[in-house]
Amino acid sequence: MANNTPQAVRGTQDIFGADAEAFAFVVETFERVRKLYRFRRAEMPVFEKTEVFSRPLGETTDVVAKEMYSFEDRGGESLTLRPEFTAGIARAFITDGWQQHAPLRLATHGPLFRYERPQKGRYRQFHQINAEILGAAEPQADVELLAMADQLLKELGIADGVTLQLNTLGDPESREAWRAALVHYFAAHKDALSEDSQDRLDRNPLRILDSKDRGDIAIVANAPPIDDFLTAEAREFFCAVTSGLDAAGVPWQRNAQLVRGFDYYRHTAFEFVTDRLGAQGTVLGGGRYDGLIETLGGPHTPSVGWAAGIERLAMLVGDRAEAGPDLVIVVEDDAAATFGLKLMAIARHTGHSTELIASGSPRKRFDKAKKLDPRTIVVVDCHDGVPVPSFRKLADESFELEIRTLFEAVTP
RNA sequence: GCGAUCGUAGCUCAGUUGGUUAGAGCGCCGGUUUGUGGUACCGGAGGUCGGGGGUUCAAGACCCCUCGAUCGCCCCA
């Protein structure tokens, strides 16, 4: 192996073959389903001014300090490779005057970048599909968005073993009261908490709720639930979401421990979770982010969205074989090579995927053709110096006949 | 940032308690057989054993460092 070849950057992937087919299947299915739900397609920049991502998060968080791919351009401006879609879309909503389209349903997909240690289903350049409804305060928006996610997973054939976990974080008033009660409760049990969770108590107390530490889990079980702190409006909103899901036939499971780390999240939070992907069990996640667009200097714009990692979905989808060609043309005599090319051009122009085999040992060309698993094979040989096509009987006789008819009029 | 496991041919892997010129299967290339065919056989190309240093008469194997991969922790917008 050449030892002076540059290596691929850590956490990047070269996706090929069956993996690439599974990836494409996920994207194609998403594109089909989003049209059913009337989501409009958007193409967004891969990088933005750093502020677009850092401002909603708060400047000091780990996420901003350590997890973003930020760099200065030649003008000295700090730019960042997008670590998520939502912030860029929110920026565009403001700067491009998309208020006029509200409520706006948007779908997009593409690469995202986070500076993290790679592990199963986690990469530094990874890919997501993404759906948002901007400027919609009604719980019906949450329901539709979730229904779309549910249908997507079904059409991908991976809904089995995946459950929708649902929670509410309430409105800001509910959320603050709950947060205060949690801090109070965890502070009283501080000595029993794991070291990590003692840290979280200062930094991000809600995160103690999804600690993986056994001791923490026991303490969390008795923590005050959000339900005790919901305002009447917040309770009503959540009820509307759950009854809407029931009406739409979307099964869900309450997970009162499910939280979001950032303050702009309100009301609905959800994750579709599987037990088949090790530590990275979330297959699709999202929530309502009524506060986000304001933090970027826009008008109050209640919105809700989700994103899903294409790699993780592709892993669940499993290997997908690349389809064989319609036709393989085998040139057994090199003198017939040009005629083979002519036939191939005609076949392709009439919409048949076609490969030509005209190199290597002539004896082994037919075997190569068989291995491609085509619908039919045409062998081109020379009789008295004249190229002659002959047709090989495979299972698909009607298709063979179609090709035979197509080639009959062709002369060398 | 931390931890565990692992790096031998294009791919999947063998390689005994350290012991001559490092192996297999698949794939690739060529030949023989078959001759309406996916078979079988023969041959060939391809490896400074991830890299560097050390121990030893002798290292793919043992020790240290380093790079990379995988899985997990932290984090998760």
Side-chain angles (χ1 to χ4, degrees), chain A residues 1-14 16-17 48 50 52-58 61-69 80-90 112-124 126 128 130 132 194-200 203-204 206-208 210-213 216 258-265 269 271 277-282 285-287 289 291-292 295-296 305-307 309 312 324 328 330 332 359-374 376-379 381 390-395 400:
Chain A
M1 190 190 299
N3 56 10
N4 66 346
T5 304
Q7 291 173 312
V9 175
R10 160 172 285 185
T12 62
Q13 335 167 60
D14 305 308
F16 173 72
E48 296 269 358
T50 296
V52 169
F53 305 113
S54 66
R55 212 199 285 175
L57 266 38
T61 57
D62 273 17
V63 165
V64 172
K66 303 198 305 210
E67 313 267 346
M68 299 201 315
Y69 270 97
T80 295
L81 300 181
R82 65 184 179 197
E84 59 159 335
F85 281 110
T86 307
I89 288 170
L112 302 173
F113 305 84
R114 295 181 187 176
Y115 196 90
E116 297 183 289
R117 193 72 174 253
Q119 58 189 70
K120 190 178 183 72
R122 279 182 91 160
Y123 304 92
R124 287 188 173 178
F126 60 104
Q128 285 187 341
N130 183 271
E132 315 274 358
S194 68
E195 211 173 304
D196 284 332
S197 284
Q198 293 186 15
D199 265 9
R200 286 190 269 241
R203 246 179 31 245
N204 200 348
L206 295 199
R207 282 284 166 198
I208 297 175
D210 45 32
S211 171
K212 289 167 182 165
D213 181 272
D216 290 351
L258 181 66
V259 291
R260 291 278 107 98
F262 294 101
D263 287 341
Y264 54 76
Y265 280 101
E271 291 181 359
L277 286 182
Q280 311 301 327
T282 299
Y289 52 93
L292 175 64
T295 68
L296 288 170
W306 57 248
R312 289 188 196 174
V328 177
V330 178
E332 288 203 325
S359 65
S361 170
R363 288 169 180 276
K364 293 184 176 171
R365 292 179 191 174
F366 189 84
D367 288 352
K368 285 186 191 173
K370 284 263 185 181
K371 283 187 182 175
L372 293 172
D373 193 27
T376 196
I377 297 175
V378 175
V379 175
D381 212 337
S390 51
F391 301 83
R392 301 302 152 161
K393 184 163 288 193
L394 297 181
E400 185 201 322

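Residue numbers begin at 1 in each chain, while the letters A, B, ... track the order of the sequences. Any value given below was found using the heavy atoms of this structure, including those in side chains, with hydrogens, waters and symmetry copies removed.
For the pair E116(A) and R122(A), the salt-bridge criterion is met [side-chain N within less than 4.0 Å of a carboxylate O]. One finds no salt bridge joining K364(A) and E332(A) here, because no Lys/Arg side-chain nitrogen approaches an Asp/Glu carboxylate oxygen to under 4.0 Å.
Distance noted for atom P between C67(B) and G27(B): 38 Å (whole Å). Here the separation of U17(B) from U55(B), taken at their P atoms, is 25 Å to the nearest Å. G51(B) sits 49 Å from G37(B) when the P atoms are compared, rounded to a whole Å. Taking atom C1' in both A59(B) and C64(B), the straight-line distance is 15 Å, to the nearest Å. Atom P of U16(B) sits at a distance of 42 Å from the matching atom of U33(B), rounded to the whole Å. Atom P of U8(B) sits at a distance of 25 Å from the matching atom of G1(B), rounded to the whole Å. Of the P atoms belonging to G25(B) and G44(B), the separation is 13 Å, rounded to the nearest Å. Between C13(B) and G47(B), the two C1' atoms lie 14 Å apart (nearest whole Å).
With hydrogens and angles ignored, the 3.5 Å screen pairs no side-chain donor or acceptor of S197(A) with any backbone N or O of S194(A). Side-chain atoms of R200(A) never come within 3.5 Å of backbone atoms of L206(A) as a donor-acceptor pair (strictly under, hydrogens ignored).
Geometrically, R124(A) engages Y115(A) in a cation-pi contact defined by less than 6.0 Å to the ring centre and at most 45° from the axis.
A distance cut-off of 5.5 Å between ring centres, combined with a plane angle under 30°, places F366(A) in a stacking arrangement with the base of G37(B).
The base of G30(B) lies outside donor-acceptor range of the side chain of R363(A), with no N or O pair under 3.5 Å.
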From CA spacing to verdict: side-chain hydrogen bond (donor to acceptor under 3.5 Å, both in side chains), T80(A), E48(A): CA-CA 6 Å; T80(A) 295; E48(A) 296 269 358; over 6 Å; no

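The phosphate of C75(B) has neither OP1 nor OP2 within less than 4.0 Å of any side-chain N or O from R117(A). A sub-4.0 Å separation between OP1 or OP2 of G38(B) and a side-chain N or O of K364(A) is absent. Side-chain N/O atoms of T282(A) include none lying less than 4.0 angstrom from OP1 or OP2 on C76(B). For C74(B), neither phosphate oxygen OP1 nor OP2 lies less than 4.0 angstrom from any side-chain nitrogen or oxygen of R203(A). Contact annotation: N204(A) side-chain N/O to C76(B) OP1/OP2 distance is under 4.0 Å. At the phosphate of C29(B), OP1 or OP2 sits under 4.0 Å from a side-chain N or O atom of K368(A).
Between K120(A) atom NZ and G3(B) atom P there is a gap of 23 Å when expressed in whole angstrom units. Taking atom OH of Y289(A) as the reference point, atom C1' of C76(B) lies 18 Å away to the nearest angstrom. Counting to the nearest Å, the C1' atom of U70(B) and the CZ atom of R122(A) are 15 Å from each other. Distance K370(A) NZ to G35(B) P: 16 Å, rounded to the nearest Å. Straight-line distance from the CZ atom of R10(A) to the C1' atom of G50(B): 14 Å, rounded to whole Å. Separating the CD atom of E84(A) from the C1' atom of C75(B) is a distance of 15 Å, rounded to the nearest angstrom. If you measure from atom CZ of R365(A) to atom P of U34(B), you get 20 Å, rounded to the nearest angstrom. Rounded to whole Å, the distance from NZ on K212(A) to C1' on C75(B) is 9 Å.
Of all heavy-atom pairs spanning M68(A) and S54(A), the tightest one is CE-CB, 4.5 Å.
Of the nucleotides present, none pairs with U20(B) by Watson-Crick or G-U wobble criteria with both distances under 3.5 Å. Applying the Watson-Crick and G-U wobble criteria (two distances, each under 3.5 Å), A45(B) pairs with nothing in any strand. Pair assignment for G37(B) gives none, since no Watson-Crick or G-U wobble pairing has each distance under 3.5 Å. Applying the Watson-Crick and G-U wobble criteria (two distances, each under 3.5 Å), A14(B) pairs with nothing in any strand. Base-pair partner of C62(B): G54(B) (Watson-Crick or G-U wobble, both distances under 3.5 Å). The pairing partner recorded for U5(B) is A69(B), the criterion being a Watson-Crick or G-U wobble arrangement whose two distances lie under 3.5 angstrom.
More than 12 heavy atoms of other residues, nucleotides or ligands shown are found within 6.0 angstrom of OH on Y69(A).
Between A8(A) and Y264(A), the one whose closest nucleotide on RNA chain B sits nearer the 5' end is A8(A). Map Q7(A) and F262(A) each onto its nearest nucleotide of RNA chain B; the residue landing nearer the 5' end is Q7(A).
Residue F391(A) is classed as having no contact, given no heavy-atom separation below 4.0 Å to the nucleic acid. In this structure, R200(A) reaches the sugar-phosphate backbone alone: every heavy-atom distance under 4.0 Å involves primed, P, OP1 or OP2 atoms, never a base. At the heavy-atom level, E271(A) lies nowhere under 4.0 Å from the strands shown.
Out of C71(B), G68(B), G30(B), the shortest distance to the side chain of Q119(A) is found at C71(B). Of the listed nucleotides (C73(B), C75(B), C28(B)), C28(B) has the atom at the smallest distance from the side chain of K371(A).
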